[in-house]
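Reviewing the structure listed below.
Just so it is clear: chains get the letters A, B, ... in the order the sequence lines come, proteins before strands, and each one is counted from 1.
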Protein chains: 2
Amino acid sequence: MARPRLFDEERALDAAMRAFWEKGYEATSTQDLCVATGLGRSSIYNTFSSKHDLFQRALSRYVDTMTASQLEILEDAGRPALERIAALFERIMDQEFTQRPEGRSIGCLSVNTTVESAARDPEIDRVLARDLRVRLDALRATVEAGQRAGDIVADRDPETLARFVNAVIGGMRVSAQGGADRTALEGIAVTALGALKR
Amino acid sequence: MARPRLFDEERALDAAMRAFWEKGYEATSTQDLCVATGLGRSSIYNTFSSKHDLFQRALSRYVDTMTASQLEILEDAGRPALERIAALFERIMDQEFTQRPEGRSIGCLSVNTTVESAARDPEIDRVLARDLRVRLDALRATVEAGQRAGDIVADRDPETLARFVNAVIGGMRVSAQGGADRTALEGIAVTALGALKR
DNA sequence: CGCGTTGTGTACTGATCGGTTCAAAACTTG
DNA sequence: CAAGTTTTGAACCGATCAGTACACAACGCG
């Protein structure tokens with residue numbers, strides 16, 4: 001045993017996550033990460049072995065917390081399934097517009113990373129693919145419940161509708177990054193809900 | 001007059017566009033651009049004044065050709081509006097899966113750039129915003145025609161439905177980059193069409 | 001207090017970044 | 001062919017990149 005760290009590893013991870021989220025992986029330099037976390041280079045490289053490793057851990061943390069908060073909404077068995085999906089859309093919009101009141105939305109780190117590096121980085125892709133599966137499973141289960149209960153259309157299979165909802169969420173996020181305001185996103189959400197309703 | 005260029009400027013622009021498309025702006029080095037275009041650094045900097053300028057011109061070229069090909073489909077007055085939007089989805093999917101048969105989709109340069117740099121680069125944002133307006137206008141006009149003809153739902157305003165279709169396209173592109181196959185995208189498209197159908 | 005261990009700051013590494021300089025090559029025009 | 005203009009390749013620029021070396025500071029434990 002010897003000298004203890006003078007920083008909280010999870011706080012540092014959060015700060016790094018934020019930096020990657022705002023600028024993307026490539027555009028975030030190790031210097032940026034030092035400033036964002038408040039750590040020196042040594043501490044960063046001592047704790048996380050490389051920029052890539054730090055990114056992977058930050059991304060994993062992001063998808064875990066983000067997906068957990070979404071599952072919480074989707075698995076709330078007390079409400080009708082369609083209402084849960086509506087609440088999910090609402091949550092997405094809150095994220096897009098509260099986290100960064102001044103200026104434009106920074107979107108979703110998961111979507112951003114899918115676009116920036118999923119195709120060229122197998123390790124990152126694995127993190128994203130696993131998370132995508134979890135989210136699709138939860139969406140599918142919700143859709144199935146809605147179909148049984150009769151508030152979601154039953155003429156299309158649950159996996160398809162899950163993928164549809166997921167794609168709409170992605171589209172809303174890209175739209176927000178492209179400058180769409182909240183009412184624009186609200187319109188997209190209610191239209192998508194219209195495709196599920198019955 | 002003096003020594004003429006030994007390369008075709010548009011071909012070079014296409015090659016650069018391709019490079020940016022595959023790797024993104026930040027991850028594409030000037031060296032990459034030399035290899036992709038087959039030009040030396042001097043020729044590139046003599047023709048295009050900077051990496052940023054080259055990117056802007058490549059992106060402009062991309063959105064112009066891409067949007068033109070989409071307008072062609074949307075403005076084909078001989079077909080019902082809903083069918084035109086279905087054909088547009090079909091075109092998107094063709095792009096996603098033919099341009100890169102082996103390996104994963106590289107998505108859409110417009111979406112990729114919106115995600116990577118629209119928020120931090122005003123000049124790039126202007127190019128994207130102008131193109132977005134053009135595409136939304138064409139979608140809105142198509143939706144209005146469909147509403148008049150009675151094949152598209154009339155209980156939501158055209159701008160909203162245009163934004164919805166645009167978001168779905170973005171979502172399909174992100175899904176493709178995340179590994180979705182053609183049948184998955186087809187399911188998303190038909191579900192979206194279901195939301196428009198009267 | 002002092003030994004052993006670990007974290008931290010500073011300085012440094014070679015490589016690569018975007019971009020420039022410049023002389024020679026290549027072409028048009030007279 | 002010669003004068004004048006432009007393109008081209010190669011060498012070069014300072015800055016920054018991700019990552020490392022190392023001395024020293026700070027702590028736990030005996």
Side-chain angles (χ1 to χ4, degrees), chain A residues 1-60 113 116-117 120-124 127, chain B residues 1-60 109 112-113 116-117 120-124 127:
Chain A
M1 308 12 355
R3 180 174 180 179
R5 297 223 167 99
L6 5 129
F7 64 94
D8 177 15
E9 188 169 320
E10 293 212 331
R11 288 184 77 87
L13 211 47
D14 271 337
M17 183 196 82
R18 198 79 188 181
F20 284 126
W21 194 353
E22 284 173 9
K23 299 185 52 171
Y25 176 72
E26 292 287 349
T28 303
S29 69
T30 52
Q31 182 60 24
D32 291 333
L33 293 167
C34 290
V35 173
T37 59
L39 307 186
R41 310 177 73 72
S42 304
S43 298
I44 286 187
Y45 278 92
N46 188 37
T47 311
F48 317 96
S49 54
S50 66
K51 179 187 174 186
H52 187 271
D53 189 71
L54 173 53
F55 179 63
Q56 189 167 334
R57 289 188 56 183
L59 176 63
S60 296
T113 305
E116 187 184 355
S117 35
R120 280 173 301 123
D121 190 327
E123 297 189 294
I124 295 305
V127 174
Chain B
M1 319 303 98
R3 181 175 178 178
R5 297 226 166 98
L6 5 130
F7 65 92
D8 176 15
E9 189 168 319
E10 293 214 332
R11 289 183 77 87
L13 210 48
D14 271 336
M17 183 196 83
R18 198 80 188 178
F20 284 126
W21 195 354
E22 283 173 10
K23 299 186 53 172
Y25 176 72
E26 292 287 348
T28 303
S29 69
T30 51
Q31 182 60 25
D32 291 334
L33 293 166
C34 290
V35 172
T37 58
L39 307 186
R41 309 177 72 73
S42 303
S43 299
I44 286 186
Y45 278 91
N46 188 38
T47 312
F48 317 96
S49 54
S50 67
K51 180 189 173 184
H52 187 270
D53 189 73
L54 173 53
F55 179 63
Q56 189 167 333
R57 289 188 55 182
L59 175 63
S60 296
L109 181 58
N112 298 0
T113 305
E116 187 184 355
S117 36
R120 280 173 301 123
D121 189 328
E123 298 189 294
I124 295 304
V127 174

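B:S49 pairs by the side chain to side chain donor-acceptor pair (under 3.5 Å) definition with nothing, not counting sequence neighbours. A:T28 is linked by a side chain to side chain contact (heavy atoms under 4.5 Å, CB included) to A:A19, A:F20, A:K23, A:D32, A:L33, counting only residues two or more places apart in sequence or in another chain. Not counting sequence neighbours, B:R18 has no partner by the side chain to side chain donor-acceptor pair (under 3.5 Å) test. Partners of A:S42 according to the side chain to side chain contact (heavy atoms under 4.5 Å, CB included) rule, which considers only residues two or more places apart in sequence or in another chain, do not exist here.
By the 4.5 Å heavy-atom criterion applied to side chains, B:I124 and B:H52 are counted as neighbours.
Across all strands, A:L6 comes closer than 4.0 Å only to sugar-phosphate atoms, never to a base (heavy-atom distances). At the heavy-atom level, B:F48 lies nowhere under 4.0 Å from the strands shown.
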Run the side-chain contact (heavy atoms from CB on, under 4.5 Å) test on A:R57 and A:D53 for me, step by step, so that the C-alpha distance in whole Å, both residues' side-chain angles and the decisive distance to 0.1 Å come before the verdict.
CA-CA 6 Å; A:R57 289 188 56 183; A:D53 189 71; 3.9 Å; yes

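Contact annotation: B:S43 does not reach the phosphate of D:dT7 (side-chain N/O to OP1 or OP2, under 4.0 Å).
Computed from coordinates, the B:N46 CG to D:dA10 P distance equals 16 Å when rounded to whole Å. Protein atom CD of B:E9 is 13 Å distant from nucleotide atom C1' of D:dT7, rounded to whole Å. For the pair B:F7 CZ and D:dT7 C1', the interatomic distance rounds to 9 Å; values are reported in whole Å. For the pair A:D53 CG and D:dG19 C1', the interatomic distance rounds to 14 Å; values are reported in whole Å.
With rounding to the nearest 0.5 angstrom, the CZ atom of A:R41 is 6.0 Å from the CD atom of A:Q31.
Axis angle between the ends of the helix from C:dC1-D:dG30 to C:dG30-D:dC1, five pairs each and rounded to 10 degrees, works out to 10°.
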Does the protein touch nucleotides 11-20 of chain C at the base, only the backbone, or not at all? Give it as B, S and - per nucleotide, heavy atoms under 4.0 Å.
B-----SBBB

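Note on ring orientation: taking the six-membered ring where Trp is involved, the planes of B:Y25 and B:F55 are tilted (angle from 30° to 60°).
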